[in-house]
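Index from 1, following the sequence. No hydrogens, no waters, no symmetry mates; every other heavy atom, side chains included, goes into these values.
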Amino acid sequence: MKGKDENIIVEKSYAFSVRCVKLYKYLSEKEHDYVICKQLLRSGTSIGANIKEAIRGYSKADFASKVGIALKEASETEYWIELLRDTDYISRQEADSMLADCVEIIKITTSIIKSSRTTP
């Protein structure tokens with residue numbers, strides 16, 4: 001999947017998905033709390049899946065729609081990470097690292113959406 005011809009949002013969203021899967025595995029084994037962890041897993045991995053779908057979209061509207069869904073999933077993921085941090089499931093340091101990646105994805109997807117609206 002990772003090649004020199006891939007773009008930055010594909011690479012970053014995939015790497016973030018991997019981090020979410022690893023965090024899910026760690027928390028579900030350590031804490032045995034599957035509800036919040038499953039929410040993080042679902043929304044965190046959905047970001048990259050929607051980006052991949054967007055790239056293969058059949059129209060500009062389809063592309064923008066899928067990137068918009070990825071942005072919403074990233075915002076939801078940000079919420080779950082903050083909740084895990086504030087309920088002491090993960091440390092502030094762990095959360096800050098995940099949040100930094102998540103916020104970067106939010107910024108990139110927001111930029112993509114804005115530029116797709118202005119490009120003919």
Side-chain angles (χ1 to χ4, degrees):
M1 166 165 166
K2 294 179 184 178
K4 59 183 175 185
D5 59 337
E6 294 287 348
N7 66 41
I8 193 73
I9 190 60
V10 171
E11 293 175 11
K12 288 190 177 291
S13 61
Y14 182 81
F16 187 73
S17 292
V18 169
R19 289 189 75 189
C20 287
V21 170
K22 288 181 178 182
L23 181 58
Y24 169 78
K25 285 173 56 177
Y26 168 76
L27 289 173
S28 61
E29 290 171 2
K30 179 184 175 222
E31 301 291 341
H32 302 290
D33 183 341
Y34 302 105
V35 177
I36 296 173
C37 300
K38 195 87 165 183
Q39 289 293 109
L40 171 75
L41 178 68
R42 187 200 55 74
S43 64
T45 57
S46 181
I47 300 165
N50 279 289
I51 293 297
K52 277 299 256 195
E53 283 188 56
I55 288 176
R56 296 202 178 21
Y58 53 86
S59 69
K60 185 177 174 180
D62 186 39
F63 172 82
S65 174
K66 295 297 182 192
V67 175
I69 293 168
L71 173 59
K72 289 178 182 183
E73 294 293 342
S75 294
E76 180 182 339
T77 302
E78 181 181 35
Y79 172 82
W80 293 120
I81 294 168
E82 290 168 346
L83 185 63
L84 287 167
R85 176 198 62 206
D86 294 343
T87 55
D88 298 322
Y89 276 89
I90 59 176
S91 70
R92 179 162 295 281
Q93 182 179 355
E94 292 166 322
D96 288 349
S97 175
M98 292 286 290
L99 285 170
D101 288 349
C102 191
V103 168
E104 184 176 16
I105 289 169
I106 289 170
K107 288 178 181 177
I108 294 169
T109 53
T110 300
S111 177
I112 291 169
I113 291 167
K114 285 180 182 177
S115 65
S116 71
R117 289 182 185 149
T118 59
T119 308

pair Ile105-Ile51: side-chain heavy atoms closer than 4.5 Å: no

Atom pair CD1/OG1 of Ile36 and Thr87 - distance to nearest 0.5 Å: 5.5 Å

Ser116 (side chain) donor-acceptor with Ile113 (main chain) under 3.5 angstrom: yes

Approximate separation, where rounding is to 0.5 Å, of Leu23 CG and Phe16 CZ: 9.0 Å

Those residues that, when tested against Leu41, pass side chain to side chain contact (heavy atoms under 4.5 Å, CB included) (two or more places apart): Val21, Tyr24, Thr45

Tyr79 OH to Leu40 CG distance, which is reported to the nearest 0.5 Å: 12.5 Å

Residues which pass side chain to side chain contact (heavy atoms under 4.5 Å, CB included) with Thr110, listed by chain and number, not counting sequence neighbours: Leu71, Ile106, Lys114

For Ser17, side chain to side chain donor-acceptor pair (under 3.5 Å) partners two or more places apart: none

Minimal non-hydrogen separation, Ser13 against Val10, with atom names: OG-O, 3.2 Å

Glu82: partners by salt bridge (Lys or Arg N to Asp or Glu O under 4.0 Å), with sequence neighbours left out: none

Heavy-atom closest pair, residues Ala54 and Val67: CB-CG2, 3.6 Å

Ile47 to Ala74 - nearest heavy-atom pair and separation: CD1-CA, 3.5 Å

Inter- and intrachain pairs under salt bridge (Lys or Arg N to Asp or Glu O under 4.0 Å), touching residues 19-28, at least two apart: Arg19-Asp101

Side chain to side chain donor-acceptor pair (under 3.5 Å) contacts in which one or both residues fall within residues 64-75, not counting sequence neighbours: Arg42-Glu73, Glu53-Lys66

